[in-house]
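A quick note: this is a predicted structure, and the numbers were derived from the prediction, not measured. Both counts, for ligands and for their atoms, begin at 1 and track the order of listing.
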Amino acid sequence: MLVVGGGLVGLAAAAFLAQQGVEVTVVERRRETSRHPKARLVNVRSMELYRALGIDDEIRAAGEPSAGFVVADNLSSAHESWISAPEVAVSGEGLSPVAGYACDQQRIEPILCKRATALGAKVLFDTEATEIQHHTDGITARLRHPDCEQAISARFLVAADGAHSPIRTALGIGLAGEAVPGTAVSALFHADLEPALRGRWADALMARDAGAFLFARGNKADRSWQLGTHLRADWPLDDPDGLAARLVPVIRAATGVPDLSPEIESVLTWTTGAFTAEHFRHGRVFLAGDAAHQMPPYGGFGGNTGVQDAHNLAWKLAAVCRGDAPDALLDTYHGERAPLVALTVAQALLRSRKTPGQPAPDEQIDATTLALGFHYPPPGTTTPDKTATVEDPAAPSGQPGTRAAHIALAAPAISTLDLLEPTAFTFVASATSRTALALERHPVPGVRVRTVDTASIDTRHRQRWENVYSGPRCDGLLIRPDQVIAWRAPKNAANSEIDVPTAIQHAALVHSSVHPDSDRPSHSTA
Ligand SMILES: Cc1cc2nc3c(=O)[nH]c(=O)nc-3n(C[C@H](O)[C@H](O)[C@H](O)COP(=O)(O)OP(=O)(O)OC[C@H]3O[C@@H](n4cnc5c(N)ncnc54)[C@H](O)[C@@H]3O)c2cc1C
């Protein structure tokens, strides 16, 4: 597997693929992971995925909880709440074993890189992929490194090569959506802003006096600041020093400290839009992250959505590479992700048009629902307006295509999510499930069985357990390696209906090794 682009999404893809046992090489043309701050909000779903990779503790240590967004004349003046912490941080209270967090992208990327490498991925910096050729059985890319050029062949390619995606352009894949006018300017600077804060805290602030945003970066142990604003007509776009000089008065206005001498470390300019790629798959190439979608940064959705693309794709590529699933499984990547991406892009655009201080418009979907309440459509179906439907994650339906709900359990597992195998299907059911018993007696390769003693369920979550995993009609849930429900086992089914392999085949298009006839659990004695 070749991943082009070693940014947030490419490195996440590498880690997820390597965790699945796939041989993966990532090429990144920069010399190291990115240095200028971009994404900071890690939503609750991304934290769940980082937890499944075993890096959530490291990310928490590198960041800090988000305090929400405030609006003010400047950092020194009175602060008014704009967006409260749960919307921003996606707290996930009671809905997840983890909470959303604030950790800078440039701190997450090295953590992902280290984890991907430890899992067996090869990450090549200072290496650019050029001249990608497509064959019937794979792709070949030329790799350009300052010291050498070489060719690399792979069965599949994940294009995580960013918003300008040369690979998407070369394939002629169009973008649907609209440009967001203007050029954004972002400056990373160092300054002691405690005199402006006077013991208060604001990690994200809209400063009216400056027409700019201020973001705290790093964490208490290593604090820096970022100013985000729009390029003014007379600012020199191509002169970094000249641009930095123009930013000093804006930083002073935003902080409300007229004699501040900020030390500006770097300045980045960028344009954005609200775009979704028309196809996420072209033959053996899959677009992920900003290559597949771009959105205004409002809501902090961009990087999170990309990480979740990579997670949706990784197990499918692994299953096809192992020969456990037909190629058609890979088509479900576009089918599942594109509608949710279109909805997320529209939500980011909506937030970008909101006046600070005004209530959220009726069409605004809260960030927790977007992160946890996704409902992927069944293979082959298209939603009429091409956008996804979502459900309230506090009242999960347990339907196929939705995320397996978190149920708090007694230690050592503290969540039903901890019972799930990242590299296999997991059948989760109560200890009395006939289907679980049948599967234990007649194991199906690629399916693990985890039963839950109802006494171990946190009393606050017993009703949710009944609604989602059990109840009068459900004998347990078959859950995909990406924690998405594949099948609800019917309760009181005739023995011949307890047919997990066929359910896998239908729900996830996985076939061959997971349903050898001899292993079929067609008789249950429970
Ligand atoms: C100011 C700002 C704030 C943001 N805040 C948030 C937030 O709070 N939360 C959030 O989730 N998102 C946020 N985002 C969005 C987030 O930063 C992006 O969505 C994310 O960086 C996308 O990651 P990516 O890996 O897809 O693309 P990129 O980070 O752009 O990485 C693509 C990589 O591909 C490499 N590359 C390209 N072509 C080649 C090639 N041919 N060979 C080798 N390498 C190649 C590039 O060098 C680059 O490193 C923010 C963005 C901005 C600008």
We want to know whether His230 and Thr183 form a side-chain donor-acceptor pair, criterion being a heavy-atom distance below 3.5 angstrom. no
Checking a contact table here: which protein heavy atom is nearest atom 34 (O) of ligand 1, and how many Å away? Gly5 CA, 3.3 Å
Can you tell me if Gln308 and Ser46 form a side-chain donor-acceptor pair at under 3.5 Å? yes
Looking at Gly302, which atoms of ligand 1 are within less than 4.0 Å of one of its heavy atoms? 10 (C), 11 (O), 12 (N), 19 (O)
Atom 26 (O) of ligand 1: nearest protein contact (heavy atom, Å): Asp290 N, 2.9 Å
Provide the number and element of each atom of ligand 1 under 4.0 Å from a heavy atom of Gly162. 27 (O), 30 (O), 32 (C)
N/O separation below 3.5 Å, Gln226 to ligand 1: no
Identity and separation of the nearest protein heavy atom to atom 15 (C) of ligand 1: Gly303 N, 3.7 Å
Looking only at N/O atoms, are Arg29 and ligand 1 under 3.5 Å apart anywhere? yes
Glu128: numbered ligand 1 atoms lying under 4.0 Å from its heavy atoms: 40 (C), 41 (N), 42 (N), 43 (C)
Give the residue, atom name and distance (to 0.1 Å) of the protein heavy atom nearest atom 5 (N) of ligand 1. Ala39 CA, 3.3 Å
Considering only heavy atoms of Val9, which atoms of ligand 1 have at least one such atom less than 4.0 Å away? 23 (O), 24 (P), 25 (O), 26 (O)
Is the shortest distance from a Lys or Arg side-chain nitrogen in Glu336 or Arg480 to a carboxylate oxygen in the other one below 4.0 Å? yes
For residues Gln483 and Arg403, is any side-chain donor paired with an opposing acceptor at under 3.5 Å? no
Taking atom 16 (C) of ligand 1 as the point of reference, which of Arg144, Gln105, His164 owns the nearest heavy atom? Gln105
Relative to atom 31 (O) of ligand 1, which among Gly7, Gly6, Ala348, Ser46 owns the nearest non-hydrogen atom? Gly7
Is ligand 1 under 4.0 Å from a heavy atom in the side chain of Phe301, in the backbone, in both, or in neither? backbone
Heavy atom of the protein closest to atom 9 (N) of ligand 1 (residue, atom name, distance): Gly300 O, 3.0 Å
Of all the heavy atoms in Thr127, does at least one lie under 4.0 Å from an atom in ligand 1? yes
Any Lys/Arg nitrogen of Glu32 or Arg35 sitting under 4.0 Å from an Asp/Glu carboxylate oxygen of the other? yes
Could you pull out, from Gly10, Ala291, Ala129, the option with a heavy atom nearest to atom 41 (N) of ligand 1? Ala129
Which residue and atom name correspond to the protein heavy atom nearest atom 29 (O) of ligand 1, and how close is it? Lys38 NZ, 3.3 Å
Does ligand 1 have any atom sitting under 4.0 Å from a heavy atom of Ala160? yes
Can you find a heavy atom in the side chain of Leu227 that is under 4.5 Å from one in the side chain of Phe213? no
To check your reading of the model: name the closest protein heavy atom to atom 40 (C) of ligand 1, its residue, and the distance in Å. Val4 CG1, 3.6 Å
Do the ring planes of Phe280 and His293 sit parallel (below 30°), tilted (30 to 60°) or perpendicular (above 60°)? tilted
With heavy-atom distances below 4.0 Å as the criterion, list the atoms of ligand 1 near Gly289. 26 (O)
To the nearest 0.1 Å, how far is atom 35 (C) of ligand 1 from its closest protein heavy atom, and which atom is that? Glu28 OE1, 3.2 Å
Could you list the atoms of ligand 1 found under 4.0 angstrom from a heavy atom of Asp161? 32 (C), 34 (O), 37 (C), 38 (N)
Which atoms of ligand 1 have any heavy atom of Arg30 under 4.0 Å away? 47 (O), 48 (C), 49 (O)
Classify the angle between the aromatic ring planes of His282 and His134 as parallel (below 30°), tilted (30 to 60°) or perpendicular (above 60°). perpendicular
